[in-house]
Amino acid sequence: MKYVGIDVHKKMCQAAIIDEDGTPLDEIRFRNTIEGIEDFALKLTTYQDKVKAVVESTGNLWIQVHDRLEAHGFDVALSNPYKTRLIAEAKIKTDKVDARTLAKLLRADMLATCYVPNMEQRSRRELLRHRLKLVKTRTEVKNRIHSLLDKHGLRIPYKTKFSKKSVAWLQEQSLDFMDDAILRSDLAILEAVETQIRLIEERIAVLAVEDPRVRLLMTMTGIGYFSATLLLAEIGDIHRFSSDKKLASWAGLAPGVRQSGEKIWIGGVSGPGNKRVRWVMVQCAHTACRFDPRHHAFYERYSKRRGGKKAVVAVAHEMIRIVFFMLKRGEAYRGEDRGMTERKLKRLERLALNGLRN
């Protein structure tokens with residue numbers, strides 16, 4: 001068995017190869033291009049032995065290296081940079097040292113690795129994450145407009161702040177020369193972002209309407225087609241989690257625990273975790289607290305002791321654990337409001353139809 005550690009950068013990659021005894025065999029530097037990776041893969045095939053490799057996770061730079069080596073039949077793992085402390089906290093940190101450390105950790109079976117979804121799942125993740133970025137941009141633009149209005153002592157006179165009537169009112173306002181230019185610019189950006197969000201949501205709906213697991217998750221109050229699709233894309237294979245507690249911990253929704261001797265402290269949710277899943281579950285929990293009798297009762301009890309914000313997070317924790325069993329067993333939510341589910345499905349089908357037309 002040969003072990004290969006690969007430190008990835010935008011232009012160049014550094015690889016270290018060791019044998020079963022930990023003896024260094026070779027160090028190779030190659031370009032992070034299709035041709036460079038293919039040449040490196042051909043060099044690995046010259047070893048008359050099984051090759052196991054690990055690639056350092058760096059943005060999206062690891063994808064080509066990982067996929068092309070895997071296509072050549074090599075066993076390739078993806079290193080978790082947050083948990084590989086020997087590299088993150090090393091005093092001497094060079095590409096060669098990092099590659100050697102990865103190879104040694106792989107050989108000793110002490111490497112923290114990441115789950116690598118297939119290409120289709122990765123594409124879905126990118127589409128869903130793009131929608132999140134667009135929504136964030138929309139919020140930033142709206143906040144800038146509110147700030148500009150505050151500067152001039154103006155308030156949008158309508159309840160729905162950025163409805164068609166509100167936007168028409170904003171366009172009628174006459175501010176000073178420079179602020180007026182900023183307002184017009186932000187309104188144009190807002191219109192463009194709104195259009196792109198609508199188009200992306202329709203594409204997501206096309207994917208969601210064909211997935212029975214999306215319909216399954218939508219039976220839970222608070223989970224719509226987007227949140228269901230995002231959960232499925234981020235979770236991937238539910239069977240990689242051995243329990244509901246493992247899923248909750250991965251999502252960053254499990255309460256933190258510290259113990260010293262006989263004293264135990266149970267605090268807020270753990271810091272590490274999938275921030276997108278944690279965010280979407282908290283959003284779903286806000287709706288569930290209002291419209292789901294079970295979660296509403298839990299929220300009322302918990303909020304009296306710990307406050308409203310912590311109660312919402314506690315509901316999100318309960319919901320992600322229920323999601324685990326729904327996906328594991330293929331069962332609909334036991335407290336399903338069928339009328340609400342039907343309305344959500346009709347909206348999904350309408351959006352999907354628009355997505356197919358466009």
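- Contact annotation: the side chain of Tyr225 approaches that of Met218 to within less than 4.5 Å [non-hydrogen atoms, C-beta and beyond].
- The ring-ring contact (aromatic ring centres under 6.0 Å, His included) test applied to His130 returns no partner, not counting sequence neighbours.
- Under a 4.0 Å N-O distance rule, the pair Arg357/Glu202 does not qualify as a salt bridge.
- For an aromatic pair to be called close, the ring centres must be under 6.0 Å apart, and His146 with Phe162 satisfies this.
- Judged by distance alone, the side chain of Ser185 and the main-chain N or O of Ala181 form no donor-acceptor pair under 3.5 Å.
- Using a 4.5 Å heavy-atom cutoff, the side chains of Phe30 and Asp39 are not in contact.
- Under the 4.5 angstrom side-chain criterion for Ile, Leu, Val, Met, Phe, Trp and Tyr, the cluster partners of Leu356 are Val206.
- A salt bridge is defined here as a Lys NZ or Arg NE, NH1 or NH2 lying under 4.0 Å from an Asp or Glu carboxylate O, and Glu172 with Lys165 fails to meet this definition.
- In this structure, Trp250 has its ring center closer than 6.0 angstrom to the ring center of Phe241.
- With Lys2 as the fixed residue, the salt bridge (Lys or Arg N to Asp or Glu O under 4.0 Å) test singles out one of Asp49, Asp19, Asp21: Asp49.
- Inter-residue side-chain proximity for Leu190 and Asp186 is flagged as unmet; no heavy-atom pair is nearer than 4.5 Å.
- Ion pair Asp211/Arg213 flagged as a salt bridge, since at least one NZ, NE, NH1 or NH2 atom sits closer than 4.0 Å to an Asp/Glu carboxylate oxygen.
- Between Arg124 and Glu120 a salt bridge is recorded (basic side-chain N to carboxylate O distance below 4.0 Å).
- Here Lys52 does not pair with Glu20 in a salt bridge; the nearest charged N to carboxylate O distance is not below 4.0 Å.
- A donor-acceptor contact closer than 3.5 angstrom is absent between the side chains of Gln14 and His9.
- Not a single donor-acceptor pair under 3.5 Å links the side chain of Arg131 to the backbone N or O of Ile197.
- Taking the side chain as every heavy atom from C-beta outward, Glu191 and Glu194 never approach each other to under 4.5 Å.
- In this structure, the side chains of Asp237 and Tyr115 come closer than 4.5 Å at one or more pairs of heavy atoms.
- Ion pairing between Lys43 and Asp26 fails under the 4.0 Å rule for side-chain N and carboxylate O.
- Annotation: cation-pi geometry satisfied between Arg305 and Tyr302 (NZ/CZ under 6.0 angstrom from ring centroid, within 45° of ring axis).
- Cluster partners of Ile34, using a side-chain heavy-atom cutoff of under 4.5 Å among ILVMFWY residues and allowing indirect links: none.
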